[in-house]
Amino acid sequence: MTGPAAGAVPSPNIWHHTATYELENLAADPDGRLWSTLQSITSWQGRDVLDLGCGSGFHLPRFAETARSVVGVEPHPDLVALARRRTRRLGNVSVQQGVAQAIPLPDASVDVVHVRWAYFFGPGGEPGLAELDRVVRRGGTALVIDNDATRSTFGRWFQQGYPGIDAAAVERFWSLHGWARSSVDMGWRFSSRDDLEAVVRIEFAREVADAVLAEHQGLEVDYAVNVWSKRF
Ligand SMILES: C[S@@+](CC[C@H](N)C(=O)[O-])C[C@H]1O[C@@H](n2cnc3c(N)ncnc32)[C@H](O)[C@@H]1O
């Protein structure tokens, strides 16, 4: 087996714990606030969508319900295979191996780009942003979703787990490149405590996971995210 495409940023959660990562996606946004925000920023009905860093393709079917076409791009070959399997009955979806720094699509070929939990964007991600300038048509929109480390229970956990991530620098990066922020209280809601604990353990080192699980009861977590968006 060949490894992930050159330029891929290691993503141990989904690369090594794919089934548990699926539980994480299932628990996220239980009241649809994140999807509502995305839809309020732009419509993808009848348009061509790119899901960049699509992982195992969890979000592709949702876009495919109304989009004209959906392309998933993902560097890890095993995840490309899973995303293709997930969408094999959908006539308007394709999945390609590739990275944000060299998107395997022609110039001006997509209207809406969705990028969710993308460690490859943020400070240092300029080559990927240049690729968005190339592939997005005039009038198109890109939507990047990431953690808001400045608020919510999850934000506090995230700061504890990843103290090197500078929320102010992330904000400066997006603002300098002309992106706008929408804050969303997305939330996590699990169907069992075992699932919640398993997901926390793929997101954080053992000491941090032990500490946050000891202090947090129940099946829900207050979890704030940022949607960074740009019109082209
Ligand atoms: C945390 S996962 C999120 C997957 C998916 N967006 C989701 O919400 O289920 C991050 C994904 O980004 C991919 N990735 C890593 N480096 C990348 C790059 N340079 N360009 C595009 N995707 C990349 C990883 O392989 C992984 O599948």
Side-chain angles (χ1 to χ4, degrees), residues 24-55 57-74 83 87 90 92-93 100 103 105 107-123 125-126 128-152 154-155 158 165 167-189 222-232:
E24 179 167 349
N25 263 327
L26 287 166
D29 196 27
D31 301 314
R33 292 195 201 105
L34 177 53
W35 278 105
S36 300
T37 302
L38 299 178
Q39 267 163 332
S40 72
I41 297 170
T42 190
S43 167
W44 47 88
Q45 182 156 11
R47 304 176 85 197
D48 298 316
V49 174
L50 163 63
D51 188 5
L52 188 54
C54 71
F58 187 88
H59 308 290
L60 301 176
R62 174 96 181 224
F63 286 109
E65 284 170 18
T66 55
R68 175 167 56 193
S69 75
V70 183
V71 183
V73 168
E74 165 57 43
T87 55
L90 303 177
N92 59 347
V93 180
I103 297 174
L105 293 178
D107 297 357
S109 57
V110 299
D111 303 301
V112 176
V113 183
H114 171 255
V115 193
R116 197 179 288 219
W117 319 135
Y119 317 123
F120 46 92
F121 274 144
E126 284 83 356
L129 296 191
E131 278 292 84
L132 295 187
D133 284 335
R134 183 181 67 76
V135 301
V136 181
R137 295 187 183 115
R138 186 180 291 267
T141 300
L143 306 160
V144 174
I145 298 143
D146 69 9
N147 296 319
D148 182 349
T150 68
R151 61 194 195 89
S152 83
F154 188 90
F158 189 69
I165 294 182
V170 171
E171 163 115 46
R172 261 196 317 278
F173 171 84
W174 291 113
S175 308
L176 278 172
H177 289 91
W179 294 61
R181 174 167 63 168
S182 308
S183 302
V184 184
D185 291 304
M186 178 191 76
W188 263 355
R189 188 178 300 145
D222 161 43
Y223 187 151
V225 301
N226 289 318
V227 178
W228 300 100
S229 63
K230 183 175 177 181
R231 180 68 68 103
F232 288 78

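- At least one donor-acceptor pair under 3.5 Å links the side chain of Asp111 to the backbone N or O of Asp48.
- Just one of His59, Arg62, Arg116 meets the side chain to side chain contact (heavy atoms under 4.5 Å, CB included) condition when paired with Leu38; it is Arg116.
- Panel note: side chain Asn92, backbone Ala67; a donor-acceptor pair is recorded below 3.5 Å.
- One distance of note links CG of Asp222 with CE of Met186; it measures 10.0 Å at 0.5 Å rounding.
- The aromatic rings of Phe173 and His177 are tilted relative to each other, their planes meeting at an angle between 30° and 60°.
- In this structure, a donor-acceptor pair under 3.5 Å is present between the side chains of Asn147 and Tyr223.
- Considering only heavy atoms from C-beta on, Phe158 stays 4.5 Å or farther from Asp146 through its side chain.
- Ionic pairing of Asp185 and Arg151 is present here: one or more N-O contacts between side-chain nitrogen and carboxylate oxygen are shorter than 4.0 angstrom.
- A 4.5 Å side-chain heavy-atom check between Asn226 and Ser183 finds at least one atom pair inside the cut-off.
- Between Phe232 and Leu132 there is a side-chain heavy-atom pair separated by less than 4.5 Å.
- A donor-acceptor pair under 3.5 Å is formed between the side chain of Asp148 and the backbone N or O of Thr150.
- Between Leu52 and Phe121, some side-chain heavy-atom pair lies under the 4.5 Å cut-off.
- For residues 169-178, every residue pair satisfying the salt bridge (charged side-chain N to carboxylate O under 4.0 Å, His left out) rule, not counting sequence neighbours, is listed here: Glu171-Arg181.
- Applying the salt bridge (charged side-chain N to carboxylate O under 4.0 Å, His left out) rule to pairs touching residues 223-232 yields nothing, sequence neighbours excluded.
- In this structure, the side chain of Ser152 engages the main chain of Gly155 through a donor-acceptor pair within 3.5 Å.
- At distances below 3.5 Å, not a single donor-acceptor pair connects side-chain atoms of Arg189 with backbone N or O atoms of Asp31.
- Looking at His114 and Trp44, their side chains never come closer than 4.5 Å, going by heavy atoms from C-beta outward.
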